[in-house]
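Convention: sequence-line order gives letters A, B, ...; per-chain numbering from 1. The figures that follow rest on heavy atoms only: side chains count, while hydrogens, waters and symmetry mates do not.
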Number of protein chains: 2
Amino acid sequence: MLLAVDCIIFGFDGTDLKLLLIKRGFEPEKGRWSLMGGFVQPKETLEQSAARILKELTGLEDVYMEQLHAFSEVERDPIERTVSVTYTSLIDINKYKKQLNNDFHSEWFPLKKLPSLIFDHRDMVEMAKEKLRYKAAFHPIVFELLPEKFTLPQLQSLYEGIYGALMDKRNFSRKVLSTGLLIKQKDKERLSSKRGAFYYKLDKRKYQTKFNSFLNFIPNPNNLN
Amino acid sequence: MLLAVDCIIFGFDGTDLKLLLIKRGFEPEKGRWSLMGGFVQPKETLEQSAARILKELTGLEDVYMEQLHAFSEVERDPIERTVSVTYTSLIDINKYKKQLNNDFHSEWFPLKKLPSLIFDHRDMVEMAKEKLRYKAAFHPIVFELLPEKFTLPQLQSLYEGIYGALMDKRNFSRKVLSTGLLIKQKDKERLSSKRGAFYYKLDKRKYQTKFNSFLNFIPNPNNLN
DNA sequence: GCAAAAGTGTTTTTCCTACACCCATGC
DNA sequence: GCATGGGTGTAGGAAAAACACTTTTGC
């Protein structure tokens with residue numbers, strides 16, 4: 001029985017929530033889109049394995065990562081019995097633009113427009129989305145997806161992307177600012193609007209402290225998709 | 001590399017939240033307390049494996065069960081490299097009293113008085129407790145631990161056991177009744193008090209429907225342990 | 001000058017919390 | 001008749017939701 005790891009990598013580019021996929025370079029299913037995966041080596045933990053695979057295939061290092069679920073349907077890999085443990089990563093797309101796209105055929109897909117995936121990778125992605133929604137509702141986890149400096153409208157569209165819901169910007173800004181986790185900057189982002197939107201930074205010390213405190217970012221149920 | 005499953009079985013006896021352990025019958029670590037575990041067979045999923053192990057070691061069937069986490073430290077089993085996927089079960093102790101204790105050396109331990117466990121089983125239990133707290137805060141999951149008919153005081157002491165906190169019974173009953181998930185019975189439980197406490201049953205149809213809706217059973221932070 | 005997105009405040013409602021007394025019964 | 005645990009109601013405060021107008025600036 002083989003033991004594999006697959007990585008579900010969410011990214012945010014300031015507007016859309018996306019997923020990183022690679023074009024599979026070998027049989028079976030050569031040429032189709034797939035999550036980043038590989039086999040666990042005898043002397044590494046699953047976490048180390050996931051980090052290694054991510055590094056090898058994308059050049060990414062030191063990114064947020066957590067275990068999602070072990071998938072074990074007997075026939076999930078038609079060739080050989082393989083159990084796959086999945087890991088979810090969150091990254092800021094722009095930060096890692098250079099490393100990507102070069103060596104491997106990897107590509108970002110908007111969550112709403114995913115291609116067909118091999119094996120049970122679609123189930124994996126669905127579960128990861130579900131968990132991201134669940135977790136983001138109570139933990140300030142989404143900052144992993146943002147660049148160091150970001151604007152409130154960007155943060156809001158990230159939440160809206162995660163929940164597939166529209167939120168009221170007045171209530172939204174009150175809610176996020178009330179956490180005390182954001183530090184307003186003096187400069188503005190001027191690309192996406194004429195007036196420009198102030199940048200904010202995450203207060204990293206408070207982020208550490210408050211990570212496990214329950215925050216409530218659940219959008220109101222009327223607008224849930 | 002070996003692939004194993006370990007089951008963390010929580011039970012409630014009407015008063016205390018407990019954990020089911022067995023005395024390990026073989027080396028290494030023979031004679032010490034352990035979670036229920038076993039190896040995954042070539043033609044079974046992890047879920048089937050967990051259910052089989054549970055059945056074999058305890059006689060329990062059709063119990064609530066969900067995957068917790070895969071543990072993979074290289075040296076976690078000192079003899080052979082083994083990755084273990086853990087599953088959490090919730091059961092009503094009294095319902096299954098007969099099956100237990102006979103064939104295997106299994107025993108219920110109050111969560112607050114656990115013996116020393118083999119390997120990394122203690123970490124597994126800690127993570128399971130954490131997740132139970134997390135999940136029970138938003139899902140009506142704890143009913144899996146209760147008999148068909150139960151009283152509000154029993155339900156409350158279950159929540160108090162999970163969170164290690166005391167709750168106000170007036171606020172508690174308002175909160176749980178407001179979910180509309182409970183159906184009041186005409187008869188009373190008369191063992192634990194003179195006056196007797198009304199039984200309630202779970203409205204199973206609503207339970208199915210509402211399982212994924214977010215409920216808020218988080219105790220107030222002042223009393224968290 | 002106007003279109004487009006940013007930013008801001010108030011009112012209403014809902015939910016949570018704190019809190020204290022009466023009830024039914026076995027002894 | 002009293003000790004024990006069961007059951008209920010209310011008032012105050014905090015948080016969430018609904019809601020609309022003004023600001024800035026590139027074109």
Let me know the distance between CG of A:D187 and C1' of C:dA6, rounded to the nearest Å. 16 Å

In whole Å, what is the span from the OH atom of B:Y199 to the P atom of D:dG6? 13 Å

Is the distance from the ring center of B:Y134 to that of A:H139 below 6.0 Å? yes

Heavy-atom donor-acceptor pair, B:Q67 side chain to B:V85 backbone, under 3.5 Å: no

Give one of base, sugar-phosphate or nothing for A:S192, where a contact means two heavy atoms less than 4.0 Å apart. sugar-phosphate

Where the side chain of A:K169 is concerned, which of C:dA18, C:dT8, D:dG6 is the nearest nucleotide? C:dT8

For the pair made of CZ in B:F198 and P in D:dG6, what is the distance, rounded to whole Å? 13 Å

Polar side-chain contact A:K175-D:dA15 base: donor and acceptor under 3.5 Å: no

Partner set under side-chain contact (heavy atoms from CB on, under 4.5 Å) for B:D16, not counting sequence neighbours: B:D13, B:K18

Check the distance between D:dG6's C1' and B:F172's CZ and give it to me in whole angstrom. 14 Å

Whether over 12 other heavy atoms sit under 6.0 Å from B:E144 CD: yes

How about B:E47: does its CD atom have over 12 heavy atoms from other parts shown lying under 6.0 Å from it? yes

More than 12 heavy atoms of other residues, nucleotides or ligands under 6.0 Å from NZ of A:K55: yes or no? no

Once you round it to whole Å, what is the distance between P of D:dG5 and CG of B:L166? 15 Å

Rounded to whole Å, CG of B:D168 lies from C1' of C:dC15 at a distance of 15 Å

Atom pair distance, as rounded to whole Å: CZ in B:R170 and C1' in C:dT17: 10 Å

Taking the six-membered ring for Trp, is the centroid-to-centroid distance between A:F71 and A:F119 below 6.0 Å? no

Roughly, in whole Å, what's the span from CG in B:N171 to P in D:dG13? 16 Å

Contacts under 3.5 Å, N or O only, protein and nucleotides 23-27 of chain D:
unit_1, atom_1, unit_2, atom_2, d
D:dT23, O2, A:R195, NH1, 2.6

